[in-house]
Number of protein chains: 2
Amino acid sequence: MSTYCKFETALDILVGKWKPVILLRLLANGTMRFSELQKSIPDITKKMLTQQLRELEYHDIVHREVYPQVPPKVEYSITEYGKGMTPILQAMSDWGAAHVAHLDELYGKNSSEGAFLVPVDEQAEFD
Amino acid sequence: MSTYCKFETALDILVGKWKPVILLRLLANGTMRFSELQKSIPDITKKMLTQQLRELEYHDIVHREVYPQVPPKVEYSITEYGKGMTPILQAMSDWGAAHVAHLDELYGKNSSEGAFLVPVDEQAEFD
DNA sequence: CGGTATCCCCGAAGATACTG
DNA sequence: CAGTATCTTCGGGGATACCG
């Protein structure tokens with residue numbers, strides 16, 4: 001379990017191809033159904049969405065509310081504890097943005113060629 | 001290049017199995033030779049060490065100083081720009097530590113069974 | 001609708017050997 | 001000493017099918 005560095009613990013929560021996106025969606029939209037999440041993240045598979053959500057749930061970052069009815073309905077949201085992450089998330093986001101600028105400065109903007117194909121549509125925060 | 005989330009940029013720099021450890025070593029010790037780094041991180045291979053260092057160098061986080069002599073001598077250190085990361089690193093570390101406590105609270109300390117086999121030896125900061 | 005269960009692939013990381 | 005070069009392994013993640 002290589003526990004000689006507590007800050008890798010923080011990383012573990014953000015790592016996994018989809019966790020950042022999921023977190024961002026939930027923070028922006030508040031409460032979302034499984035299918036809403038899936039629609040809002042075009043390329044994710046059910047398997048991945050489920051898996052990442054379960055990990056976030058284990059860490060008490062995401063809350064999973066099951067409505068026992070047919071057809072099933074499951075809603076996800078950020079826990080109160082999870083909201084405590086926002087400052088760090090925000091800090092990382094800000095630093096990331098600044099860093100992109102720094103890289104541009106160092107290597108020139110041409111390095112970001114065809115990027116921004118994704119239209120920035122509905123990102124409420126942390127872009 | 002999936003650039004719809006600038007904070008993944010921040011993650012990229014910390015991700016990679018060894019980047020956190022390397023960063024911590026360099027922050028703690030200031031300037032280190034390649035071999036010093038390798039010795040201080042027992043399980044890393046030359047290949048991995050080189051690769052991760054190069055990526056950090058590209059991002060202007062780590063400085064690489066080559067002394068043209070035989071046998072070669074190469075020293076690595078954190079750049080001034082790189083030092084600007086410390087607040088976030090510190091924040092993540094703190095949050096990580098708190099989170100470990102939170103998990104203990106939720107699931108009990110027994111979940112950390114055999115951990116801490118590594119003797120905590122020389123971690124100057126961010127533990 | 002909100003998931004599991006399987007199978008499979010590819011790229012990150014390990015092992016080993018060689019070099020200026 | 002500080003790396004490359006090459007080969008191999010391993011598991012995260014994708015595709016697809018099925019289920020309560």
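Here is the naming used below: chain letters follow the sequence lines, and residue numbers restart at 1 for every chain. Predicted model only: the values in this text are computed from it and were never measured.
With hydrogens and angles left out, the side-chain atoms of B:Glu57 and B:His59 include no donor and acceptor closer than 3.5 Å. A:His99 and B:Tyr81 share a donor-acceptor pair across their side chains, judged by distance under 3.5 Å alone.
Side chain of A:Thr50 to main chain of A:Lys46: a donor-acceptor pair is present (N/O by atom type, distance under 3.5 Å, no hydrogens or angles). Between the B:Arg25 side chain and the B:Ser40 main chain, a donor and an acceptor come within less than 3.5 Å of each other. B:Tyr107 places no side-chain N or O within donor-acceptor distance of the main-chain N or O of B:His102, the cut-off being under 3.5 Å. Judged by distance alone, the side chain of A:Ser77 and the main-chain N or O of A:Gly30 form no donor-acceptor pair under 3.5 Å.
Across the protein-nucleic acid pair, A:Ile41 atom CD1 and C:dG2 atom P stand 14 Å apart, rounded to whole Å. Regarding A:Gln38, its CD atom lies at a distance of 12 Å from the P atom of D:dG14, rounded to whole Å. Remark: C1' of D:dC1 and CG of B:Leu49 are 13 Å apart, rounded to the nearest angstrom. Here D:dC1 presents its C1' atom at 16 Å from CD of B:Glu65, a figure rounded to the nearest Å. At whole-Å resolution of the value, CG in A:Leu53 and C1' in C:dT4 are 15 Å apart.
Comparing the start and finish of the helix from C:dC1-D:dG20 to C:dG20-D:dC1, five pairs each, the helix axis swings through 50°, to the nearest 10 degrees.
B:Tyr76 comes within 4.0 angstrom of sugar-phosphate atoms only, judged by non-hydrogen atoms across all strands, and of no base.
Applying the 4.0 Å criterion to OP1 and OP2 of D:dC1, one finds that B:Arg33 has every side-chain N and O outside that range. Under 4.0 angstrom from either OP1 or OP2 of C:dT4 there lies at least one side-chain N or O belonging to A:Arg54. The shortest distance between the side-chain N/O atoms of A:Ser35 and the OP1/OP2 oxygens of C:dG2 is below 4.0 Å.
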Handout entry: Candidate pair B:Lys19 and B:Glu55, rule side chain to side chain contact (heavy atoms under 4.5 Å, CB included), full reasoning
Key = CA-CA 9 Å; B:Lys19 293 213 193 70; B:Glu55 290 176 32; 2.9 Å; yes
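Listed nucleotides: D:dG3, C:dG3, D:dA2. Nearest to the side chain of A:Phe34: C:dG3.
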Quick test: give all pairs of protein nitrogen or oxygen and nucleotides 13-17 of chain C nitrogen or oxygen below 3.5 Å, distance rounded to 0.1 Å.
| unit_1 | atom_1 | unit_2 | atom_2 | d |
| --- | --- | --- | --- | --- |
| C:dA13 | OP1 | B:Lys17 | N | 3.4 |
| C:dG14 | OP1 | B:Lys17 | NZ | 2.9 |
| C:dG14 | OP2 | B:Trp18 | NE1 | 3.4 |
| C:dG14 | N7 | B:Lys47 | NZ | 3.2 |
| C:dG14 | O6 | B:Lys47 | NZ | 2.6 |

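Judged as a salt bridge (Lys or Arg N to Asp or Glu O under 4.0 Å), and not counting sequence neighbours, the contacts of B:Lys73 are B:Glu75.
Taking the six-membered ring for Trp and thresholds of 30 and 60 degrees, B:Tyr76 and B:Phe34 have ring planes inclined between 30 and 60 degrees apart.
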